[in-house]
Amino acid sequence: MPLNPPPENGPSAPPRVIAVSGPAHVGKSTQLRLLARRTPRLDVCHPAEEHAPQWPALLGTDRTGWWLRDVSYQELADVLAASFLTRARQPNAGGLRCVRQGLPMLEATLAAVAAVREARTTARAADVARAALAPYRAALCAAEESEYGVVLLHDEDPAQGLARGLARSPAPSGLLENYQRRLHEQIHRLVDEGRFDTAVVVGDRPVVDIQHELRQHLHRRYPAVPECALSRVRVVALGGDSDPEREAAGEYLRTRRGYARLDAAHLAGGTAADDVTWAECLTDGLDRYCAAHPFLDRVSIEPVRDPGALAELRKIFGDRLRVRNGPPAGRAATAPWARLALQRDLDRLAFDSAWTFRPPKPVSVHSLGLPPCLGVHLRALRERLTRPFPVVDLIAVTGSAARGTYEHGRSDLDVLVLAPQERLSGLRRVCADLAPGLSGARLTMTVLTEDEFRAGALPPRLLHVLTLSGAGALAPLWCAPGLALPVPDAVTYAEGSLRDGVRAAVAIRRQLLLEDPDPYALHKATALLAKIMLRVECGAEYPADDQAIEAFRRRQGDGGGDGPDDVRHDRAGVERTAGDVLRGWLATCAAVPAGAAPETGFPGAGAPGRR
């Protein structure tokens, strides 16, 4: 009898039993508890062995020894087959039922025992198990047909899976370790034979990621099982003994970093018996809340003070959970700049979760295509700052020199350095010593500390630099081994770009008010504003100033105006282009006339009239 019939020959409805199987310590019980809390109509059955008449007599005894040494092999097969079949025959009220260890695990268990007792190979042990189960074959096949089988695996490789399982096991004996090795081999054999409908590899992923994948598979077949809303959500747990500081932290995350502020006790639904139950109840409450508010991707929960509860939450959420229990060590809550330090600490906490970190790959100075004098200068700068031992963590060229649009005599040579504050005087001496080799070029060095990077205390221009670095469009000349640069999330990047747009619009008008505007400064501010508008509107990046202005013209659709050469060198052309870009920017800020509805807005939602 085929265990997975084709759709045209299969049942009209999916099986009414969900069977979650897998080796020891893979998280089956945790996943089933979370699944059952979120799906009240799901009936979770007791383990199969509890349905065997002989099982109560084994309570309090060495059950492992009974399985692997004491009882005869055929008697073990009879006991286990009877227990699995008794569970399968339990009355069903017509709803969904969920069981721990499906029917294929009966064969895997018996085959593993045979492999341990008789030193059989994987295939031969499977033959022995099937022979012992032959009297029950028809009933077992019918019961397996009623199951939708999901297997949780520690790893795709049985040997690696065994190592992970044993690492989570409390001091396994040699006999039990051998049995677990054979069981992993048998489970993977069954996976290869297609005896499970779905396999989920657990690995080092947090509990909520496994729950998300499990529910994704189940929801497609059983709509009563809701999808998990927590896979996209970042969580901050606020604790500590200071209620005023926790209040300030929660409000800052809510108002400045877009976190929903939630009460942990309310989510958990009252006092739980232990830390595991409390953490799972809170997770279920948070899942329900985020499902009802699908736009949320970050929440803070408070207060969470108990170390045991926090440890359980870390298992569930993994790296998406950040915890703040008070000021960092060495910093008192009454320090002179306590509020500012709190905000920077919360920024770092939020960005550590939202930003990705990627190791940069250095490039040669030659690859930048700069004039020879600047190539010599950059090589000397790199040599002085990294030998005989590094005094910086990163040296990178940014701006036009990194984009390949550098013009000697017009462009600046922009260099970004990552270094501790105490190295500033040494950097100044190095720059002074090497200045004669610049041949009149303007060197602009930006120095930041790693703490500023991690806390996001950066001007918008450097957020753009980090984004380009993460995309591989900008690489350093040198970086310390193991250094990983943050890549801003889309929301932070967009906010920074708009702030830069505001500054650029102000800078354009400052130049236009002058009797003799600086064409170069006006052109740079105009190009920056055009780049930002294009980036926000269509996600396109135009590194070169002239490319951005031409793309702006095409999007405006006027088709006229001066070409790139006129814009770069003609004052009237520069002012005309600046006016066009500024008018485009201001048009986005204009209110809709009273009584008019925007084309893409809500009907009748005109702007309020002035009074």
What I'd like to find out is whether the side chain of Glu251 reaches to under 4.5 Å of the side chain of Leu253, using heavy atoms alone.
no
Counting N and O atoms only, with roles assigned by atom type, does the side chain of Arg403 sit under 3.5 Å from a partner on the main chain of Pro543, one being a donor and the other an acceptor?
yes
Sub-3.5 Å donor-acceptor pair from the side chain of Gln343 to the main-chain atoms of Leu340, do we have one?
no
If you take all heavy atoms of Pro519 and Val574, which pair is closest and at what distance?
O-CG1, 3.8 Å
Salt bridge Asp347-Arg344, side-chain N to carboxylate O under 4.0 Å:
yes
So that I can tick it off, tell me whether Arg379 and Glu383 are bridged by a salt bridge, with the cut-off set at under 4.0 angstrom between side-chain N and carboxylate O.
no
So, His377 side chain and Leu434 main chain: donor-acceptor pair closer than 3.5 Å or not?
yes
Does His219 reach the main-chain N or O of Val225 with its side chain, forming a donor-acceptor pair under 3.5 Å?
yes
Decide if atom CG of Asp518 counts as having more than 12 heavy atoms of other residues, nucleotides or ligands within a radius under 6.0 Å.
yes
Distance (rounded to the nearest 0.5 Å) between Asp204 CG and Asp209 CG:
11.5 Å
Given 3.5 Å as the limit, does a donor-acceptor pair link the side chain of Arg298 with the main chain of Arg257, or not?
yes
Would you call Glu247-Arg261 a salt bridge at under 4.0 Å N-O?
yes
Residues Asp287 and Arg37 bridged, charged N to O under 4.0 Å:
no
Side-chain heavy-atom pair Val236, Glu302 within 4.5 angstrom cut-off
no
Taking all heavy atoms of Leu443 and all of Cys431, pick out the closest pair and write down the distance.
CD2-SG, 4.5 Å
Looking at Asp284 and Arg288, is there a salt bridge between them, counting it only when a charged N and a carboxylate O are closer than 4.0 Å?
yes
Are any non-hydrogen side-chain atoms of His408 and Cys373 less than 4.5 angstrom apart?
yes
Rounded to the nearest 0.5 Å, what separates atom CD in Gln547 from atom CG in Leu534?
11.0 Å
CZ of Arg428: more than 12 outside heavy atoms within 6.0 angstrom?
no
I'd like to check Arg384 versus Asp433 (side-chain heavy atoms, cut-off strictly below 4.5 Å). Are they in contact?
yes
So Leu385 and Val430, side chain to side chain contact (heavy atoms under 4.5 Å, CB included) or not? Walk me through it.
CA-CA 8 Å; Leu385 297 181; Val430 170; 4.1 Å; yes
Salt bridge or not for Arg553 and Asp580, using N-O below 4.0 Å?
no
Spatial distance of atom OG1 (Thr449) from atom CG (Leu424) [nearest 0.5 Å]:
11.0 Å
Does NE2 in His266 sit with more than 12 non-hydrogen atoms of other residues, nucleotides or ligands closer than 6.0 Å?
no
When you look at Arg423 and Val392, which way does the side chain to side chain contact (heavy atoms under 4.5 Å, CB included) test go after all the steps?
CA-CA 8 Å; Arg423 305 282 168 80; Val392 298; 5.7 Å; no
SB check Arg220 Glu227 (cutoff 4.0 Å)
no
Closest heavy-atom pair, Ala264 versus Pro303, reported as atoms and distance to 0.1 Å, is CB-O, 3.7 Å
Is there a side-chain contact between Leu458 and Leu448 in this structure, where contact means two heavy atoms from C-beta onward sitting under 4.5 Å apart?
yes
For the side chain of His293 and the backbone of Tyr289, is there at least one donor-acceptor N/O pair under 3.5 Å apart?
yes
Applying side chain to side chain donor-acceptor pair (under 3.5 Å), which residue pairs with at least one partner in residues 457-468 are found, sequence neighbours left out?
Thr446-Arg461, His464-Tyr493, His464-Arg535
Full working for side chain to side chain contact (heavy atoms under 4.5 Å, CB included) between Val397 and Leu416
CA-CA 6 Å; Val397 173; Leu416 172 65; over 6 Å; no
Under 3.5 Å, is there a donor-acceptor pair between the side chain of Arg320 and the main chain of Val233?
yes
Nearest heavy-atom contact between His523 and Asp545 is NE2-CB, 3.6 Å
For the residue pair Pro517 and Arg571, establish whether any side-chain heavy-atom pair is separated by less than 4.5 Å.
yes
Side chains of Trp355 and Val487 in contact at under 4.5 Å (non-hydrogen atoms)
no
May I ask you to decide if Val465's main-chain N or O and Ser469's side chain share a donor-acceptor pair within less than 3.5 Å?
no
Are side-chain heavy atoms of Thr39 and Pro226 found at a separation under 4.5 Å?
yes
CG-CH2 distance between Leu418 and Trp478, expressed to the nearest 0.5 angstrom:
10.0 Å
Residues Arg305, Asp243: salt bridge by 4.0 Å N-O rule
yes
Roughly how far apart are Phe357 CZ and Arg454 CZ, rounded to 0.5 Å?
4.0 Å
Okay, side chain of Thr492, backbone of Pro488: is any donor-acceptor separation there less than 3.5 Å?
no
Look at the side chain of Ser353 and the backbone N and O of Ala350, then say whether any donor-acceptor pair between them is shorter than 3.5 Å.
no
With distance as the sole criterion, is a donor-acceptor pair present between the side chains of Asp412 and Tyr406 under 3.5 Å?
no
Could you tell me whether Asp500 and Arg503 make a salt bridge, using a distance below 4.0 angstrom between a side-chain N and a carboxylate O?
yes
Atom CZ of residue position Arg232 - does it have more than 12 heavy atoms of other residues, nucleotides or ligands inside 6.0 Å?
yes
Between Glu213 and Arg205 (salt bridge meaning N to carboxylate O under 4.0 Å), is one present in this structure?
yes
Looking at every non-hydrogen atom in both residues, tell me the closest pair between Ala504 and Ala525 and how far apart they are.
CB-O, 3.8 Å
Report the distance from atom CG of Leu35 to atom CG of Leu218, rounding to the nearest 0.5 Å.
6.0 Å
Do other residues, nucleotides or ligands put more than 12 heavy atoms under 6.0 Å from Glu450 CD?
no
Ignoring hydrogens, what is the shortest heavy-atom contact between Pro436 and Ala432? Give both atom names and the distance.
CD-O, 3.8 Å
For Glu245 and Arg324: C-alpha separation, side-chain torsions, deciding distance, then whether salt bridge (Lys or Arg N to Asp or Glu O under 4.0 Å) applies.
CA-CA 11 Å; Glu245 183 180 87; Arg324 192 181 192 280; 3.1 Å; yes
Take Leu485 and Leu394 through the test side chain to side chain contact (heavy atoms under 4.5 Å, CB included) and record every step on the way to the result.
CA-CA 10 Å; Leu485 290 179; Leu394 176 126; 3.9 Å; yes
